Amino acid sequence: MIRNKPGTTGTSRSASPARRGPGSREADDGGFETVGKPAPRGPSLKARAVGYLSRREYARNELARKLQPYTDEGTDLDAVLDALEKEGWLSTERFAQSLVHRRAARQGTARIVQELRQHGVADDQVAQLRDGLRATEYQRALEVWRKRYGTKPADRPEYARQARFLASRGFAHDVIRRLLGDEHDD
């Protein structure tokens, strides 16, 4: 059995004064009191946004969601985003083209279009990009299929497995049927 020294409690913590944490200040009586929000530290909201945008393109609503935790009560996030668009740092059009470029080699048109809509890209721009993707969908599906399988399905279960794989990547069903052959049509 471990015994405590005389005059101490049974806890392992020392009886030191309260520790000073972020958002606290020393009170008149020598203790610490907590103030509402800590003083802003680090880069400004605009500098933080430029840092994000220098790494990759962002959609406006995606960048707003990323910056939201760093906004103060007096900061107007929309004004910062408007300034970034005006200065050419933020462009939803560039974001959409970048996303299509990154995803096109591995995914079908339907999946890319869905992701563009989730990020708030305008419908007319999505329609234009969708038309361009549809023109190359068979070739892209063929490349994805060759990487994964490379041989035509021998039986119905294999056909279904390969078709499900291509459908999960967002390729159109007519492209999948054309690629795998119609002899195992579901």
Side-chain angles (χ1 to χ4, degrees), residues 43-71 76-186:
S44 69
L45 198 58
K46 187 173 182 180
R48 200 175 291 273
V50 169
Y52 288 138
L53 291 168
S54 67
R55 292 180 199 97
R56 77 168 177 89
E57 296 292 337
Y58 284 88
R60 182 182 174 103
N61 62 356
E62 184 183 18
L63 185 61
R65 191 173 49 250
K66 203 163 178 69
L67 292 173
Q68 188 62 42
Y70 303 105
T71 59
D76 186 17
L77 184 58
D78 287 330
V80 171
L81 295 174
D82 289 341
L84 290 169
E85 281 181 338
K86 183 179 175 187
E87 294 169 11
W89 285 97
L90 179 62
S91 169
T92 303
E93 184 177 324
R94 270 196 327 258
F95 165 76
Q97 291 170 350
S98 171
L99 187 130
V100 167
H101 180 73
R102 286 190 318 251
R103 304 278 195 264
R106 297 182 319 274
Q107 295 177 353
T109 302
R111 195 157 171 194
I112 295 171
V113 165
Q114 177 188 9
E115 191 171 351
L116 287 169
R117 286 189 175 134
Q118 284 177 345
H119 286 291
V121 177
D123 288 337
D124 57 336
Q125 190 174 6
V126 169
Q128 181 183 9
L129 292 168
R130 181 183 56 224
D131 293 341
L133 286 168
R134 282 187 180 159
T136 62
E137 187 161 22
Y138 178 78
Q139 191 61 37
R140 292 182 294 115
L142 181 63
E143 289 301 315
V144 168
W145 175 79
R146 276 188 185 149
K147 253 185 196 177
R148 180 71 180 246
Y149 298 106
T151 58
K152 295 279 185 181
D155 56 0
R156 193 168 185 80
E158 180 63 19
Y159 178 90
R161 188 167 71 91
Q162 290 184 16
R164 276 192 311 271
F165 168 74
L166 290 171
S168 73
R169 292 287 181 102
F171 293 105
H173 293 291
D174 61 328
V175 171
I176 295 170
R177 276 190 235 107
R178 198 169 117 204
L179 181 68
L180 298 179
D182 288 335
E183 64 269 5
H184 300 289
D185 197 16
D186 285 333

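Bear in mind that the values here come from a model prediction, so they are computed numbers and not experimental data.
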Criterion side chain to side chain contact (heavy atoms under 4.5 Å, CB included) on His101 and Glu57, from CA distance to verdict: CA-CA 12 Å; His101 180 73; Glu57 296 292 337; over 6 Å; no
For residues [X] and [Y], determine if any side-chain heavy atom of one lies less than 4.5 Å from a side-chain heavy atom of the other.
X: Thr71; Y: Val80; answer: no
X: Glu143; Y: Lys147; answer: no
X: Arg117; Y: Asp123; answer: yes
X: Tyr149; Y: Phe165; answer: yes
X: Phe171; Y: Arg140; answer: yes
X: Arg111; Y: Arg103; answer: no
X: Gln162; Y: Leu179; answer: no
X: Val100; Y: Leu116; answer: yes

With sequence neighbours excluded, what pairs up with Arg60 under the side chain to side chain donor-acceptor pair (under 3.5 Å) test?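 Side chain to side chain donor-acceptor pair (under 3.5 Å) check on Arg60 returns Asp82, Glu85.
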For the residue pair [X] and [Y], what are the closest heavy atoms and their distance?
X: Ala49; Y: Leu67; answer: CB-CD1, 3.6 Å
X: Arg94; Y: Trp89; answer: NH2-O, 2.9 Å
X: Leu90; Y: Leu63; answer: CD1-CD2, 4.0 Å
X: Ala167; Y: Ile176; answer: N-CD1, 3.5 Å

If you round to the nearest 0.5 Å, how far is [atom2] of [Y] from [atom1] of [X]?
X: Glu93; Y: Gln128; atom1: CD; atom2: CD; answer: 7.5 Å
X: Arg169; Y: Arg164; atom1: CZ; atom2: CZ; answer: 14.5 Å
X: Trp145; Y: Lys152; atom1: CH2; atom2: NZ; answer: 5.0 Å
X: Leu77; Y: Arg65; atom1: CG; atom2: CZ; answer: 12.0 Å
X: Arg130; Y: Glu137; atom1: CZ; atom2: CD; answer: 11.5 Å
X: Leu99; Y: Glu115; atom1: CG; atom2: CD; answer: 4.5 Å

Test Arg102 against Ser98 for side chain to side chain donor-acceptor pair (under 3.5 Å), laying out the working first. CA-CA 6 Å; Arg102 286 190 318 251; Ser98 171; 3.0 Å; yes
Is there a donor-acceptor pair under 3.5 Å between the side chain of Gln125 and the backbone N or O of Ala96?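 Flag not set: sc Gln125 to bb Ala96 has no pair under 3.5 Å.
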Hey, does the Lys NZ or Arg CZ of Lys66 hover above the aromatic six-ring of Tyr52, less than 6.0 Å from the centre and inside 45° of the axis? yes
Going by side chain to side chain contact (heavy atoms under 4.5 Å, CB included), name the residues that satisfy it together with Ala47, two or more places apart in sequence or in a different chain.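 Side chain to side chain contact (heavy atoms under 4.5 Å, CB included) check on Ala47 returns Pro43, Ser44.
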Tell me, with the steps shown, if Arg161 and Glu158 meet salt bridge (Lys or Arg N to Asp or Glu O under 4.0 Å). CA-CA 5 Å; Arg161 188 167 71 91; Glu158 180 63 19; 3.0 Å; yes
